[in-house]
Amino acid sequence: MKARVYVMPKAGVLDPQGKAIGHALEGLGFGGVHDVRAGKVIELDLAETDPAKAKQIAEDMARKLLANTVIESFRVEIV
């Protein structure tokens, strides 16, 4: 079963990568962008076949390793 873990900086946390992307977009003429937040997507291929259990496993992985829960939030999607 495939799981996707989306990790993003929490609101209020400095996001220098997002700021750099926003500045670059502005330099390319995309002036309508007011805020950019950059995160990551991690795809996992799990042996678990039960969707609820797979989601729980992926959430445990995110809490323990994939996301720094002090400054990042995450969500898990089973696909």
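Residues take their numbers from the sequence shown, with the count starting at 1.
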* To do: Heavy atoms only: give me the nearest Ile78-Pro51 pair and the separation to one decimal.
  => CG1-O, 3.9 Å

* **Interatomic spacing from CG in Leu14 to CD1 in Ile71 - rounded to 0.5 Å** => 9.5 Å

* Is any side-chain heavy atom of Leu44 closer than 4.5 Å to a side-chain heavy atom of Lys2? -> no

Donor-acceptor contacts, no H, no angles, side chain residues 53-62, under 3.5 Å, sequence neighbours left out:
| from | atom 1 | to | atom 2 | distance (Å) |
| --- | --- | --- | --- | --- |
| Gln56 | NE2 | Asp60 | OD1 | 3.0 |

* Structure fact -> Shortest non-hydrogen pair, Pro9 vs Gly39, comes out as CD-CA, 4.4 Å

* Could you go step by step and tell me if Arg4 and Ile42 meet the side chain to side chain contact (heavy atoms under 4.5 Å, CB included) rule? -> CA-CA 6 Å; Arg4 283 194 191 114; Ile42 301 159; over 6 Å; no

* In Å and rounded to the nearest 0.5 Å, what is the CG to CE distance from Asp45 to Met1? -> 10.0 Å

* To do: Look at the side chain of Asp15 and the backbone N and O of Ala38, then say whether any donor-acceptor pair between them is shorter than 3.5 Å.
  => yes

* Asked: Checking side chain to side chain contact (heavy atoms under 4.5 Å, CB included) for the pair Asn68/Val7: CA distance, chi angles, key distance, verdict?
  -> CA-CA 9 Å; Asn68 178 347; Val7 181; over 6 Å; no

* Please confirm whether the backbone N or O of Lys10 pairs with a side-chain atom of Arg37, one donor and one acceptor, at under 3.5 Å? => yes

* So Val5 and Val41, side chain to side chain contact (heavy atoms under 4.5 Å, CB included) or not? Walk me through it. -> CA-CA 6 Å; Val5 181; Val41 177; over 6 Å; no

* **Side chain to side chain, Glu77 and Tyr6, heavy atoms closer than 4.5 Å** => yes

* To do: May I ask whether Ile21 and Met8 are part of the same hydrophobic cluster, defined by side-chain heavy atoms of I, L, V, M, F, W, Y residues being less than 4.5 angstrom apart, directly or through others?
  => no

* Check Lys19 against Asp35 and note the closest heavy-atom contact, atom names and distance. => NZ-OD1, 4.5 Å

